Structure formats: C-alpha cells, structure tokens
Amino acid sequence: MNQLKISVLAGDGIGQEVVPGALSVLEAVRELTGSFVLKTVDYPWSCEWYAHHGEMMPSDGLTRLEDSDAILLGAVGFPGVPDHVSLRGLLIPIRQAFQQYANVRPIQLWPGVTGALVGKGPEDLDILCIRENTEGEYSGSGGVIEVAGLGRVATQVSVFTEPGIERIARYAMEQASRRGGMVASATKSNALQYTAVLWDDVVLRVARDFPEVTVTSYHVDALAARFVSAPESLDVVVGSNLFGDILTDLGAALQGSLGLAASANLNPERRFPSMFEPVHGSAPDIAGRGVANPVGAIWSAAMMLDHLGEQEAAGLVTKSLRSTIGAGIRTPDMGGSASTGDVVDAVVGGLVGAD
Ligand code: NAD
Ligand code: IPM
Ligand code: MN
C-alpha cells in the first residue's frame, strides 16, 4: 500500500478555503480506490503566523517539510505583510531549497467552458507550460543603494546558469516528446543580450538530443499574443521564471478563470519533496466568503497523486472536475452561483461510478 505523507500549507486568504476542499476530495478518492494511505501534517505558516512570530516559518521549517512525500499549498500573502516579505519568507524559499525547478502548469479549455477566447474550443487550447522555478528573474540577487543626485537605485539581478537552463529545457523536451512533439521557447534575446541569448543557445543545444521534437523560439511578447490568437499552434511552452509566471495567468484567463489553473512545482529527481498549488493567490478581495473556486487546488492535488504514483486516483479526480464544471456547477468567478463547498461536494459525488 502506497503510504503518502503530505505536508499541508493552506496559507492565507482563500488558501484556507480551497485546501480543505482539495483534502476532502483526496480523502474521498482514497476511500474509493483504497490504493493508498494518506497522512497529512498541517503547518499554520502564513501571514497570520507572521503577525505572532515575526517570520513566515520557523528557522527549521524547511527541515520539517523535507521528510514529506509532497507539499500541498494554498496561497501565501495577505494585506498587512508586504508581499515580498511573505513570499520571500515562505513560498519562494521552498521552491528554491527543494530544487523544484520544473513548474508545470497545464492550460486547458474544458468541454462546456467558454473561456476568454471567442470561437475556440477544447481542441484549440491544450498547452503545457513548463516554467523555470528556481533562478532567472527570481534569483533574489540585488539591492538598493543611495546614489548622490539620483536617490535610491535598485537592481534586481537575473541569474541564468547553464545547468539551470539545461535541466528545464530537457524537462520540457521530454514532456513534448510524450505529447504533441513541439516546444515553444520564450525568449527576449532582442533586448536581453546576455541572459536570453544564453537561454536560446542552451535550449537549441538540448534540442539536438530530441530529434523528434520541433523547437521554436518566440520573443515572449509575440508569444503572449500567440496564446490569444493561435493557441492551437502551441503544445509545450518553456520559459523563464517571470515569463512563465505571466504567461500562466494569461493562460488561466483563457481557460475561463484564474481559479481553475493548477500547478506542480517538481523536483524531477525526487531528491526533495515536490509542491502542488493552484496558480492563483490568496484573493483577499473574496476571502472569507466561501465563494473561492476550488478547482485549481483540487486539480493540483490530482497532479500530486499522479506524481506519487496514484494515476488511477488522479484520473478519477480530473474526470470528476471536468464533468462538474461541464455540468455548470461553478463558482461566481465563472459566472455561476455555486459555493466552494458546492463544487467540492459535486466533485466528490462525481468520483463515484467514474471508470
Ligand atoms: P490573486 O490570484 O490572489 O487574485 C487575482 C484575482 O483573481 C482576484 O480578483 C481574485 O478574487 C481572483 N481569484 C483568484 N483566485 C480565485 C479563485 N480560486 N476563485 C475565484 N476568484 C479567484 O492575485 P493577487 O490579487 O495579485 O494577489 C493577492 C495575494 O496573493 C498577494 O499577496 C500575492 O502576492 C499573493 N499571491 C500568492 C500566490 C501563491 O501563493 N502561489 C500566487 C499569486 C499571488
Ligand atoms: C505564482 C505566484 C508567485 C510567483 C508569487 C506569489 C511569488 O504569482 O505562483 O504564480 O510569481 O511565482
Ligand atoms: Mn503568478
């Protein structure tokens, strides 16, 4: 029997609403399949925790997470704590310390959902975005200095390493060779003559090991337009940390809501636990009202099951998610009137009888 030890970080805002929903679905699919044992350990680290402790997690926080099989996270960040303090104090250190360099974000239009694109159906939007998740623009290197005559001058240094680019490019090519055989690489080599040129060079070198994969480089601005105008021409998209961040919120809007989008922060070598979280944030504007869309969190939990060897359970969850949303059981962000709990209940109910 597969024993799964999951660290749960619900975090802030709607993280506290969607993570319990995802856990209910996990428990239900566990009962249905009987193929794994689920042990969850809750950690209260959040902006509220910061208010009491002056830090986002204890100094041994990463050590405590390290012996779990995976981490399920809701969202981090809430008014009252500056975003760079909360995110640099919890989410980003986990991604970086555990070498979760492959941030995998599926962008799909599900049957029955209109999405943001006129005249496009599910067959037109099925992109797997592979975002570099540990370096690049998020390296954390930089500072602010006082310069006479200028005032404060800030630098935020993008750090791109050859091994860092190589491993994410390789991961993206491997995914493409199992899917549509195409990789679109996001660059900006016309302006970023050091980092993006190195990126392009390494991507092309890695591509030589994958003759079955067609690799096309697009400047990220044009690629953003292509997401909207010709999403059917895209299969796997690989991009740097910041490019991937922006493209996946755009992708989420194309899917029909930011609340739908799921992600996996993978350490593909499995040396460290991987982390699964919806793409969205803590949504302070709707937090506490019970209307947050739980689909992104539930889908992320399904990605976690898949990563942990529970493919059947993962498939049951994603199938039920699609049929729930397809049947119009939707939260207000998708034009519906269902509550978070209504959607969770429907997804749990839809697990029964699925094949
Ligand atoms: P956000 O994703 O929290 O919200 C953007 C908009 O989308 C809001 O109008 C919100 O109501 C809506 N939305 C998001 N998720 C939804 C859901 N599940 N159901 C319904 N509507 C949903 O982004 P933001 O407002 O830029 O950030 C709010 C806070 O969250 C900030 O502190 C930010 O730093 C943080 N954040 C955290 C993460 C994370 O932990 N992974 C991701 C993004 C933002
Ligand atoms: C995401 C979020 C984070 C990111 C923030 C909260 C630091 O926007 O996971 O997409 O930029 O990676
Ligand atoms: Mn983001």
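Every number for a ligand or one of its atoms is a count from 1 in the order of the listing. For clarity, every value in this text was computed on a predicted model and none was experimentally measured.
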Does ligand 2 have an atom under 4.0 Å from some heavy atom of R88?
no
Does E137 approach ligand 2 within less than 4.0 angstrom via side chain, backbone, both or neither, non-hydrogen atoms only?
neither
For atom 40 (O) of ligand 1, is there a protein heavy atom at a distance under 4.0 Å?
yes
For a 4.5 angstrom cut-off between non-hydrogen side-chain atoms, does S263 reach T248?
no
Just checking, is any N or O donor in the side chain of Y101 or E269 under 3.5 Å from an acceptor N or O on the other one?
yes
Is the closest basic N to carboxylate O distance between E166 and R170 below 4.0 Å?
yes
Strictly below 4.0 Å, N to O, side chains only: are E17 and R289 in salt-bridge contact?
no
Do I92 and Q96 have side-chain heavy atoms sitting under 4.5 Å apart?
yes
Among all protein heavy atoms, pick out the one at the shortest distance from atom 32 (O) of ligand 1; state its residue, atom name and that distance to 0.1 Å.
D83 OD1, 2.6 Å
Identify, by atom number and element, the atoms of ligand 1 in contact range of A75, meaning under 4.0 Å from any of its heavy atoms.
40 (O)
For ligand 1, indicate whether the residue N293 contacts it via side chain, backbone, both or neither (heavy-atom separation under 4.0 Å).
both
Just checking, any donor-acceptor pair under 3.5 angstrom between side chains of T134 and Q99?
no
Does a donor on one side chain and an acceptor on the other come within less than 3.5 Å for N103 and E132?
no
Taking both backbone and side-chain atoms of A292, is any N or O found less than 3.5 Å from an N or O belonging to ligand 1?
no
Indicate yes or no: does an N/O atom of V76 lie under 3.5 Å from an N/O atom of ligand 1?
yes
Any heavy atom of D12 under 4.0 Å from ligand 1? The part involved is neither
Which atoms of ligand 1 sit under 4.0 Å from any heavy atom of L87?
34 (O)
Numbered atoms and elements of ligand 1 in range of V279, under 4.0 angstrom, heavy atoms:
42 (C)
Would you check whether E277 has a nitrogen or oxygen atom less than 3.5 angstrom from a nitrogen or oxygen atom of ligand 1?
yes
In the protein, what heavy atom is nearest to atom 14 (C) of ligand 1, and what distance, to one decimal place, separates them?
H280 CB, 3.6 Å
Between F227 and L125, is there a side-chain heavy-atom distance shorter than 4.5 Å?
no
Does R167 pair with E162 as a salt bridge, N-O distance under 4.0 Å?
no
Atom 1 (C) of ligand 2: which protein heavy atom is closest, and how many Å away?
R105 NH2, 3.4 Å
Flag R131 as yes when one of its N or O atoms lies below 3.5 Å from any N or O atom of ligand 2, and as no otherwise.
yes
Which protein heavy atom lies closest to atom 5 (C) of ligand 2, and at what distance to 0.1 Å?
L87 CG, 4.2 Å
Hey, is L91 touching ligand 1 through its side chain, its backbone, both or neither, going by heavy atoms under 4.0 Å?
side chain
Residues E135 and N241: side-chain donor-acceptor under 3.5 angstrom:
no
Per atom 9 (O) of ligand 2, closest listed option by heavy atom (R95, H280, E277, H84):
R95
Using a 4.0 Å heavy-atom cut-off, which part of I14 comes near ligand 1: side chain, backbone, both, or neither?
side chain
Taking 4.0 angstrom as the limit, do D83 and R88 come out as a salt bridge?
no
Give the residue, atom name and distance (to 0.1 Å) of the protein heavy atom nearest atom 2 (O) of ligand 1.
G281 N, 2.7 Å
Looking only at non-hydrogen atoms, the one of I286, N265, L260 nearest atom 21 (N) of ligand 1 is I286
Atom name of the N, O or S atom in D245 that lies nearest to the Mn ion (ligand 3):
OD1
of all protein heavy atoms, closest to atom 11 (O) of ligand 1 is D285 OD1, 2.7 Å
Between S339 and D342, is there a side-chain donor-acceptor contact under 3.5 Å, judged purely by atom types and distance?
yes
For atom 25 (O) of ligand 1, which protein heavy atom lies nearest, and how many Å away is it?
P284 CD, 4.6 Å
Go through D200 and V203 one step at a time and tell me if the side chain to side chain contact (heavy atoms under 4.5 Å, CB included) criterion holds.
CA-CA 5 Å; D200 292 351; V203 167; 5.8 Å; no
Measure the distance from atom 13 (N) of ligand 1 to every protein heavy atom, then report the residue, atom name and distance (to 0.1 Å) of the closest one.
A283 CB, 4.1 Å
Can you tell which of L266, V236, V206, V238 makes a side-chain contact (heavy atoms from CB on, under 4.5 Å) with Y171?
L266
Could you list which atoms of ligand 1 come closer than 4.0 Å to a heavy atom of G77?
32 (O)
List the closest protein heavy-atom neighbour of atom 29 (C) of ligand 1: residue, atom name, distance to the nearest 0.1 Å.
S282 OG, 3.2 Å
What atoms of ligand 1 come closer than 4.0 angstrom to any heavy atom of L258?
2 (O), 5 (C), 7 (O)
Scan side-chain atoms only and decide if W199 and T187 contain a donor-acceptor pair under the 3.5 Å cut-off.
no
Looking only at the side chains, is there a donor atom on one of S257 and D333 sitting less than 3.5 Å from an acceptor on the other?
yes
Atom 8 (O) of ligand 2 - nearest protein heavy atom and its distance:
D245 OD1, 3.3 Å
Answer yes or no: is there an ion pair linking R179 with D235, defined by an N-O contact shorter than 4.0 Å?
yes
Top protein contact for atom 11 (O) of ligand 2, by heavy-atom distance:
Y138 OH, 2.5 Å
